[in-house]
Structure formats: structure tokens, C-alpha cells
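Indexing begins at 1, ligand by ligand and atom by atom, following the structure's order. Sequence positions, counted from 1, serve as the residue numbers for this chain.
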Amino acid sequence: MTAPTPRSLPWPYEQRDGWLFCQGVRLVDIAKEFGTPCYVYSEAAILKAHETLACPDSKARMARICYAVKANSNLAILRLLAKAGAGFDIVSGGELQRVLAAGGAAPRVVFSGVGKSKQELRLALEQTVGCINVESLAELQQLETVAEDLGLTAPISIRVNPDIDAKTHPYISTGLKENKFGLGLNDALEAYKRAQKSRHLRIVGVDCHIGSQITSLQPFQDATKRLLAFVTELHHLGISLAHIDLGGGLGICYKDEQPPSAEELKNQGLQMVADWAATTGCQSPEVVFEMGRSIVGASGLLLSQVLLLKPSSDPTAKNFAIVDAAMNDLMRPSLYQAWHDLVLLHPRQSVARAQTWDVVGPVCETGDWLARERSLELSEGDLLAFASAGAYGSTMGSNYNSRARPPEVLIRSDGSVNLIRRRETFQELIELEKIPQDLWS
Ligand code: LLP
């Protein structure tokens, strides 16, 4: 593989004489110590991405960052971000418990999701989460009942579906009226009117989230405009908000995308809200972002080894490189036809075959591919990395084909190496299962 370091491998990853390093750590050594497949994350990359969003703009205005836990929920990563001052965006009781286990503060949590169970709502209220982002009138009703039963008042925001095309993969677009998320403007207004009358609901904000891997500022700007016009309507009803949550969704570079910087997006949001406050004479609400991918995506790699090469003698057929990682470890290619750059961890071996390869895993599904039609020089035994795998990699993994989940390793800013999740064992895979006694006879 002779290509230059891809843009998808940002600081602190670097290639030196064909070896891939992170903070002075040679990734081949990580692959050898922990085996493959294996996820690796860079602490410095995560903290830098968070800081870019969390630091004040030129007018000393700040946004509150609620990291979207679903992107990567490893406890060590949640801890890093909690220590850095992040709040959290969660979508389940499980994610809430992870945040608490990592020492995150419940009042800095926003709880999103279209289908929260009563138990989850109860847990959220008992733990005093900062805001429940309500997505339907039925949920509002349920939440009110749960809060009343507990003798508590639920802090709420209504998730508005602004009907904006985020111009991303249809599976990760969420802000169109055909998507299941949030409430259209009329229904959202109705929800606020009902909440206003309730003794067990306290309106604290408004939120929206239009999709993920968005690579231009325009859809964010359009959504914010609609949201602010809506907030003006609320103001006329006597409803004032402590925060406006502009969601997450900022894209990263997987291949050749050129998304806006986190700073540009943050500044746009802060400026639009400040301008709105100045024209309406309202107090400027706090601006919240629920970023996931842009904080952890580029920080992570999935290390893997080439098990076998299967070139075809038929020039019209495909050449397959079979690696030890598979769709159960990294779902994104199978699910969204996503591109992850492939980088060798070491100099190319002299026996390497330059060919167009489909890089596939051992899982028994035709959809089990990780990279298609890549021009690569590969040999059996090569160690390689799938880039930009820090977000929606490990969290979307499964045990399909009874494959143990890979370990996760954190490379600290000082170059030390921490195993933050060990490889699953076979015993753990079958732990919850039981063969009824009579089936043995
Ligand atoms: N807030 C809400 C309500 C969300 O649903 C999401 C992501 C986020 C924030 C964070 O979005 P981000 O900043 O990470 O784009 N599995 C897909 C992505 C699904 C995103 C789901 N919602 C993928 O691998 O591309």
C-alpha cells in the first residue's frame, strides 16, 4: 500500500517509514499484544474534538456539549468526556446507567428517543436527568403520569421535526416529516400548550436533530431558522426556554468528504441564537449540541489481520482478501455501504500482490464486506486498520456467528496504553443460555 496517509487518519495518527503510530505507540505492537480484531482509540483525538466544540467563541459565548453516548459508550470514554466537562445525550435506560457508572452528572443529561418505556422514564426522573426530549403527544402524556406517580416534576423539551433534508444516507436522516422522529411544528405547539398547563411537567427547552454525517452547514442553518421561528411563537404564548438543543449530526471525513469544522458549526449556532435574542428582545437561551461522531469518529481504528487471499483466475470475477474482522465488528459498510479507509500498520511485504480487492470478513453472509474494490498491495498475515471507526463501530457490534466481541484499547495522551474492554470469551457468549434438563436424556 503506497498511498499517502489518508485524510481520514488525523492527528495524532502518523505514518513513519511505513509504520503507523499513535502518540509514539506502534500500532503493530498493539495488534500483537491484544490480538485482532481490536478497536483502538486515541485519548488526545477525543479530547481535542470535544474541546473544539466546548471552548468559548470569539465573543466568549459557549455551547453546552452533550456527547451522544450511542456513538461510543465504552465507560472509559464516557469517563474521559465527563472529566472534560461534557454532558451526555442518551437514548435508553442502559445508556443512562453507563453515564452514571462513569461518574457523569445526571442533571447534565438529555434523554432523547422515540420510544422510552415507563421504567426508563421513571429511572430518568429518579436520577434527576436535566431534560427529557419528548417526541410525541403520547409520550408527553405518559411522562406526566409517571412524574405524577413519583410526585415529581419532569423537565422537558419537545423534539421538533423541522422537515429539513440533511442530504445524508436515508437510514441516518431524521429531520424529514417522513421520519419517525420528533413532532411537526403544529403538533409540537400543541405539546407545549399541554405541558404549560401541567403541574408535573416543566418546560426547559426545545430540541431537534436532523440526521447524522451531515457535510454542509446549510441544513443546520435551515433547521435552526425554523426552530427559532418556532421559539418566537412559544414566546408569544408566554413560554420562555432555558435552552435550545440543536442536536448532533456533524459529519467527518471517511473518504473525501469536506464537512464544515466543528468550530464553524458551533459559531453558526451561537450567532443565530444570539441574533434571534437581540431581535426579539428575549434572553438568549443556552445552546446545546448533541454531537457523537464528530467527537469520537476519527479517534478510532479497527485493527485486523489478513487471514487469506483469494484472487480469482477469472479476470471478470472478484479478488477477495479475507480478514479476521467482520460485519459483526463493524456494521457500517454492510448497513450503509459506508467507506472506511484501509491502512497497513507496517511496510508492505515484498510478496504483496497489487490488485483490486474486496476486503471481506469470515461471516457467512454475502453482505459481510468491509471494503470493496480497493486497489491495495496485500499479503497474507498483513496487519491493517480500518480508519474512522471510533463512532458507531463497537457500539453497533454483535455476536453473530458466535464471534466474540473485540477488545478496545485506549492510547493515552502520554503514550501509555490501557485495555478498556477485554476480548469476550466463549464462556461469556453462552453464559445466559440454558439447556432444559430433559433434553439431555
Ligand atoms: N442526537 C440524537 C437524537 C441522535 O439520534 C443522534 C444520532 C445524535 C444526537 C448524534 O449524532 P452524530 O453527532 O453522531 O451524528 N449508526 C449510524 C449513525 C446513526 C445516528 C443516530 N443518531 C452510522 O454509523 O452512521
request  = Would you mind telling me if ligand 1 is within reach of the side chain of Lys70, the backbone, both or neither, using heavy atoms under 4.0 Å?
outcome  = side chain
task = Measure centre to centre between the rings of His340 and Tyr254, then say whether the value is under 6.0 Å.
result = yes
ask   = Mind checking whether Asp89 has an N or O less than 3.5 Å away from an N or O of ligand 1?
value = yes
message = At less than 4.0 angstrom from any non-hydrogen atom of Met291, what atoms of ligand 1 do you find?
response = 13 (O)
request  = Before signing off on this row, confirm whether Gly292 and ligand 1 have an N or O atom pair separated by under 3.5 Å.
outcome  = yes
query = Does NZ belonging to Lys318 count more than 12 external heavy atoms closer than 6.0 Å?
reply = yes
message = When you measure from the side chain of Asp57 to the backbone of Ala60, do you find a donor-acceptor pair of N or O atoms at a distance under 3.5 Å?
response = yes
task = Would you check if there is a donor-acceptor pair between the side chains of Asp222 and Gln218 at a distance under 3.5 Å?
result = yes
Shortest protein heavy-atom distance from atom 15 (O) of ligand 1, along with the residue and atom involved = Ser212 OG, 2.4 Å
ask   = Tell me: protein heavy atom nearest atom 19 (C) of ligand 1, and distance?
value = Ile172 CG2, 3.7 Å
message = Regarding Asn133 and Arg159, do their side chains bring together a donor and an acceptor under 3.5 Å, going by distance alone?
response = no
inquiry  = Does the residue His169 have a heavy-atom contact with ligand 1, meaning some pair of atoms that are separated by less than 4.0 Å?
reply    = no
Gly249-ligand 1 polar pair, N/O distance under 3.5 Å = yes
inquiry  = Quick check: Arg159 and ligand 1, any N/O pair under 3.5 Å apart?
reply    = no
request  = Answer yes when Glu139 and Lys116 have at least one side-chain N-carboxylate O distance shorter than 4.0 Å, and no when they do not.
outcome  = yes
task = Report the C-alpha distance between Asp89 and Lys70 in whole Å, list the side-chain angles of each, state the deciding distance to 0.1 Å, and finish with yes or no for salt bridge (Lys or Arg N to Asp or Glu O under 4.0 Å).
result = CA-CA 8 Å; Asp89 165 52; Lys70 64 170 85 65; 3.8 Å; yes
ask   = Should Glu290 be counted as touching ligand 1, given the test is an N or O pair under 3.5 Å?
value = yes
Protein heavy-atom partner closest to atom 24 (O) of ligand 1 - residue, atom, separation in Å = Arg332 NE, 2.6 Å
Distance from atom 20 (C) of ligand 1 to nearest protein heavy atom, with residue and atom = Tyr392 OH, 3.6 Å
key: Which segment of Arg293 sits under 4.0 Å of ligand 1 when only heavy atoms are counted   = both
request  = Kindly indicate, with the supporting measurements, whether the criterion side chain to side chain contact (heavy atoms under 4.5 Å, CB included) is fulfilled by Leu345 and Leu303.
outcome  = CA-CA 9 Å; Leu345 302 189; Leu303 308 187; 4.1 Å; yes
ask   = Looking only at protein heavy atoms, which one is nearest to atom 16 (N) of ligand 1, and how far off is it?
value = Tyr336 OH, 2.7 Å
ask   = What is the closest protein heavy atom to atom 8 (C) of ligand 1, and at what distance does it sit?
value = His209 CE1, 3.3 Å
ask   = Hey, what's the ring geometry for Phe230 with Tyr192, parallel, tilted or perpendicular (30° and 60° as the breaks)?
value = tilted
inquiry  = Under the criterion side chain to side chain donor-acceptor pair (under 3.5 Å), I'd like the reasoning laid out for Asn399 against Glu424: C-alpha separation, chi angles, the key distance, then a yes or no.
reply    = CA-CA 10 Å; Asn399 291 118; Glu424 232 168 9; 2.8 Å; yes
